[in-house]
Amino acid sequence: MRSLKKVAIAGAVIALGGAGYFQFRIQDNFRRQPFYAESVRLLHGYPPALKMLGEPIVVKNLDLGNTEKTWCDGLNARLAIPLKGSLTKATLHSWASRASVKDHWAVDRLDFETSNKNWTFYINPKKRGLQELSSLSSEIPSDTDSVAEKGTSDQQFLYLNSTAK
């Protein structure tokens with residue numbers, strides 16, 4: 001009976017260790033993807049998010065169980081990246097795509113979500129046209145001030161006042 005308990009305990013330890021290892025590997029694989037790194041880089045270049053979160057900003061682990069908000073099929077990816085700053089917590093929502101597996105990833109859109117606000121702050125300039133921008137500005141609630149594009153050619157932010165959830 002004692003040896004059976006030891007085998008059961010050893011099996012449980014091995015199973016939990018294996019699950020932890022694979023969880024770590026999947027998280028690490030996401031972090032190494034160009035669309036993940038680019039999304040976080042763009043966030044760090046967006047002053048309103050930095051001000052709202054408070055520095056330092058810690059990028060937390062993805063919720064791999066939420067397959068609605070965190071997935072990748074090889075050509076399209078969707079991430080919900082949890083963030084924690086000195087002032088509040090937030091989520092960086094990222095959409096990325098590529099035409100084929102041989103192409104580079106491009107971040108298509110980034111949204112910033114806090115406990116009571118959610119807004120799009122980046123749309124890839126190559127993915128949007130003036131029509132998209134004008135249609136987006138018509139969807140902004142009347143309590144917001146304006147839509148303005150700012151940034152360098154590789155980093156253009158769509159500055160929107162946030163909308164309440």
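Residue pairs meeting the side chain to side chain donor-acceptor pair (under 3.5 Å) criterion with at least one member in residues 52-77, sequence neighbours excluded, are R31-N61.
To the nearest 0.5 Å, atom CG of residue L53 and atom OH of residue Y46 are 11.0 Å apart. Note that the CE atom of M52 and the CG atom of L83 stand 12.5 Å from one another [nearest 0.5 Å]. Remark: I81 CD1 to F112 CZ distance equals 12.0 Å, nearest 0.5 Å. To the nearest 0.5 Å, atoms CH2 (W105) and CD (Q33) are separated by 7.0 Å. Distance CG/N124 to CG/L110: 9.5 Å, rounded to 0.5 Å. Rounded to the nearest 0.5 angstrom, I123 CD1 and W95 CH2 are separated by 10.0 Å.
Contact detail for L42 and F121: the closest heavy-atom pair is O-CE1, 4.1 Å. Summarising the geometry of L87 relative to K51, their closest heavy-atom pair is CD1-O, 3.6 Å, with the distance given to 0.1 Å. The two residues L62 and A80 come nearest to each other via the heavy atoms CD2-O, 3.4 Å. The minimum heavy-atom distance linking S97 with D108 is given by the pair OG-OD2, 2.7 Å. Taking each heavy atom of V107 and S94 in turn, the nearest pair found is CG1-OG, 4.2 Å.
Residues L50 and L92 are members of one and the same hydrophobic cluster, defined by side-chain heavy-atom contacts under 4.5 angstrom among Ile, Leu, Val, Met, Phe, Trp and Tyr.
Taking the side chain as every heavy atom from C-beta outward, D111 and E113 never approach each other to under 4.5 Å.
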